[in-house]
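What follows is a set of notes on a single structure, which appears directly below.
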Amino acid sequence: DTEVTQTPKHLVMGMTNKKSLKCEQHMGHRAMYWYKQKAKKPPELMFVYSYEKLSINESVPSRFSPECPNSSLLNLHLHALQPEDSALYLCASSRQGGGAFFGQGTRLTVV
Amino acid sequence: GENVEQHPSTLSVQEGDSAVIKCTYSDSASNYFPWYKQELGKGPQLIIDIRSNVGEKKDQRIAVTLNKTAKHFSLHITETQPEDSAVYFCAAGDSGNTPLVFGKGTRLSVIA
């Protein structure tokens with residue numbers, strides 16, 4: 001299994017809503033990442049988890065809250081988002097020294 | 001920190017021709033250089049990578065070259081096909097868990 005699975009594929013939420021993005025991998029990778037990607041731009045790193053511990057937070061606003069319940073799962077909790085947060089949210093995982101494998105992303109629209 | 005420059009930003013080639021995308025990096029500590037292909041509406045897909053102890057790597061129609069001295073690496077696609085049309089990203093990193101730094105991407109169009 002070389003897949004990173006993200007759900008949902010699409011999400012529309014209001015600015016007062018609370019929602020969660022989910023990511024799962026079964027490759028035994030111990031590093032997992034959240035990226036944000038705007039149209040025609042490269043992925044922009046948000047968070048890194050290494051061995052289920054948050055190791056990097058790229059100064060992301062607190063309305064984004066990551067969680068790593070176990071070595072296979074990664075969540076991103078969303079609350080009080082702004083329209084400018086609309087983007088493709090990508091999850092990725094990697095083994096030590098290896099390339100990152102990306103999921104298909106969640107297309108988020110904030111209305 | 002690392003900075004990755006990628007050129008060109010757009011590239012159009014005739015089907016069957018070759019395509020070359022070039023990247024430069026700034027941090028001599030970087031030793032891992034993957035390339036990603038991203039199709040519309042999908043996540044980036046790792047297509048090939050190279051480490052700093054290797055100068056060239058091939059996988060069918062795709063090859064990557066690395067010049068450590070000049071700090072640049074390139075993606076070569078031969079006999080291009082319409083399904084090669086996508087955005088390609090280069091990236092650089094070290095062998096630890098330091099996250100990759102991405103180039104800004106190249107939109108490749110293969111014209112049938």
Side-chain angles (χ1 to χ4, degrees), chain A residues 2-7 9-10 21 23-25 27 29-60 68 71 87-109, chain B residues 1-11 21 23 25 29-54 57 59 62 64 73 75 86-109:
Chain A
T2 57
E3 278 196 1
V4 176
T5 304
Q6 288 187 245
T7 56
K9 287 187 167 44
H10 301 276
L21 309 185
C23 175
E24 190 168 3
Q25 59 89 13
M27 294 179 277
H29 291 170
R30 303 312 296 269
M32 296 186 76
Y33 311 81
W34 280 114
Y35 286 85
K36 173 182 177 180
Q37 188 178 30
K38 292 283 221 180
K40 300 185 180 182
K41 298 287 188 183
E44 178 186 334
L45 183 69
M46 300 175 72
F47 301 104
V48 180
Y49 273 83
S50 179
Y51 291 86
E52 295 109 73
K53 287 186 171 27
L54 182 65
S55 60
I56 296 177
N57 175 342
E58 291 286 357
S59 303
V60 179
C68 189
S71 60
L88 181 68
Y89 287 84
L90 294 162
C91 173
S93 70
S94 71
R95 61 178 171 78
Q96 181 95 7
F101 287 81
F102 285 85
Q104 294 300 316
T106 294
R107 175 73 59 191
L108 174 67
T109 304
Chain B
E2 177 63 276
N3 181 49
V4 177
E5 299 281 342
Q6 181 171 350
H7 298 280
S9 56
T10 60
L11 179 61
I21 302 170
C23 289
Y25 62 99
S30 290
N31 55 18
Y32 176 67
F33 307 93
W35 286 88
Y36 290 86
K37 174 184 181 182
Q38 187 172 23
E39 296 174 283
L40 197 61
K42 296 188 176 182
Q45 176 193 3
L46 178 64
I47 56 171
I48 195 166
D49 56 14
I50 191 167
R51 297 185 187 275
S52 58
N53 58 346
V54 174
K57 184 176 178 180
D59 183 3
I62 293 173
V64 58
F73 56 113
L75 178 71
V87 178
Y88 291 81
F89 292 100
C90 64
D94 63 25
S95 295
N97 279 335
T98 304
L100 297 170
V101 176
F102 286 85
K104 292 192 171 167
T106 297
R107 181 171 299 278
L108 173 65
S109 299

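In what follows, every heavy atom counts, from backbone to side chain, and hydrogens, waters and symmetry copies are set aside. Labels below follow one simple rule: chain letters A, B, ... track the order of the sequence lines, proteins then strands, and each chain is numbered from 1.
- The two residues A:Ala100 and B:Leu46 make their nearest non-hydrogen contact at O-CB, 4.3 Å.
- For A:Ser55, the side-chain contact (heavy atoms from CB on, under 4.5 Å) partners at least two apart in sequence or on another chain are A:Val48, A:Ser50.
- Heavy-atom pairs under 4.5 Å with chain B were tallied for A:Gln37, A:Arg107, A:Lys41; the largest tally goes to A:Gln37.
- Every residue two or more places apart in sequence or in another chain that forms a salt bridge (charged side-chain N to carboxylate O under 4.0 Å, His left out) with A:Glu52 is listed here: A:Arg30.
- Atoms CZ and OH, from B:Phe102 and A:Tyr35 in turn, are 4.5 Å apart once rounded to the nearest 0.5 Å.
- By the salt bridge (charged side-chain N to carboxylate O under 4.0 Å, His left out) test, B:Lys57 is found to be paired with B:Asp49, residues two or more places apart in sequence or in another chain being considered.
- Contacts between residues 37-44 of chain B and chain A, defined by a heavy-atom separation under 4.5 Å, are made by B:Gln38, B:Gly41, B:Lys42, B:Gly43, B:Pro44.
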